[in-house]
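In what follows, a single structure is set out as structure tokens and then discussed.
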Amino acid sequence: RVELEESGGGSAQAGGSLKLSCKKSQSSLHCMGWFRQAPGKEREGVAAIDTSGITDYADSVNGRFTISRDSTKNTFNLEMKDLKPEDTAMYYCAAVSVAYGCRAPEIARQAEFGYRGQGTQVTVSS
């Protein structure tokens, strides 16, 4: 069983930056990524990264968010810049099967079948 623990998050002003980190309990061949969910909204896959380091992003965050991984530490990060109020949500890191491809939408779709962390709140004020 893979356990995931998020850290980071918090509050920021619009245009500001935040960094999220996720620690994995063990190495694995999962597609790793982040999804978010705001109250009353559907889950949205934000970013994904495969074991080769190939990344994929939702259109809503492309160019503003960067996902990266440190395999030696079993961690992966989400750096968020130029934050907008609509980025406000609970953010979850997830490990999902690569069977459906390692893309941001799959992080959201497959999260309940894989592993996910407890979530960390990101709040962006205007």
Side-chain angles (χ1 to χ4, degrees):
R1 176 179 174 81
V2 175
E3 295 184 352
L4 303 172
E5 182 176 3
E6 302 100 340
S7 60
S11 299
Q13 295 282 335
S17 301
L18 286 171
K19 180 179 177 180
L20 307 181
S21 294
C22 181
K23 174 72 174 176
K24 275 198 318 180
S25 60
Q26 59 184 288
S27 298
S28 68
L29 298 178
H30 290 94
C31 169
M32 306 298 299
W34 297 86
F35 70 93
R36 65 188 181 186
Q37 189 157 26
K41 294 188 176 182
E42 291 188 358
R43 186 184 297 176
E44 179 187 20
V46 172
I49 185 167
D50 69 11
T51 54
S52 299
I54 296 173
T55 60
D56 185 65
Y57 299 94
D59 289 343
S60 59
V61 306
N62 199 18
R64 300 188 297 120
F65 290 12
T66 302
I67 188 171
S68 61
R69 66 192 305 154
D70 184 340
S71 299
T72 62
K73 298 179 180 179
N74 278 338
T75 60
F76 63 106
N77 305 307
L78 186 69
E79 294 191 60
M80 305 181 293
K81 299 180 180 179
D82 190 22
L83 284 163
K84 302 177 181 181
E86 51 264 43
D87 294 320
T88 295
M90 186 72 79
Y91 284 70
Y92 300 85
C93 64
V96 304
S97 170
V98 297
Y100 301 96
C102 189
R103 298 181 61 81
E106 292 305 321
I107 295 295
R109 280 197 284 263
Q110 301 297 326
E112 58 189 293
F113 304 111
Y115 305 98
R116 54 185 281 183
Q118 294 298 309
T120 185
Q121 179 68 37
V122 170
T123 303
V124 183
S125 56
S126 57

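Here the structure is a predicted model, which means the values were calculated and not measured.
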Report yes if the side chains of Leu4 and Met32 come closer than 4.5 Å at any heavy-atom pair, otherwise no.
yes
Pairs in or reaching into residues 41-120: which pass disulfide bond (SG atoms under 2.5 Å apart), with residues at least two apart or in two chains?
Cys22-Cys93, Cys31-Cys102
Under the 3.5 angstrom rule, does the side chain of Arg43 hit a backbone N or O of Ala108 as a donor-acceptor pair?
yes
Given Thr55, Ile49, Asn74, the one that forms side-chain contact (heavy atoms from CB on, under 4.5 Å) with Arg69
Ile49
According to disulfide bond (SG atoms under 2.5 Å apart), does anything in residues 37-87 pair up with another residue at least two apart or in another chain? List the pairs.
none
Would you say that Phe76 contacts Ile67 through its side chain, given a criterion of any heavy-atom pair below 4.5 Å between the two side chains?
yes
With a sphere of 6.0 Å drawn around NZ of Lys23, does it hold more than 12 non-hydrogen atoms of other residues, nucleotides or ligands?
yes
Glu79 side chain to Lys19 backbone, donor-acceptor under 3.5 Å:
no
Sort out for me which residue in Glu44, Met80, Arg36 forms a side-chain contact (heavy atoms from CB on, under 4.5 Å) with Val61.
Arg36
Rounded at 0.5 Å granularity, tell me how far CG in Leu83 sits from OG in Ser126.
13.0 Å
What pair of heavy atoms forms the shortest contact from Ala47 to Tyr57, and how long is it?
CB-CD2, 3.6 Å
Here the gap from Glu5 atom CD to Glu3 atom CD, rounded to the nearest 0.5 Å, amounts to 9.0 Å
Shared hydrophobic cluster for Trp34 and Val2 (ILVMFWY, side-chain gaps under 4.5 Å)
yes
Donor-acceptor pair, side chain of Gln121 and main chain of Gly9, under 3.5 angstrom
no
Are the side chain of Arg103 and the backbone of Asp56 linked by a donor-acceptor contact shorter than 3.5 Å?
no
Using 30° and 60° as the class limits, which term best fits the ring planes of Tyr91 and Phe65: parallel, tilted or perpendicular?
tilted
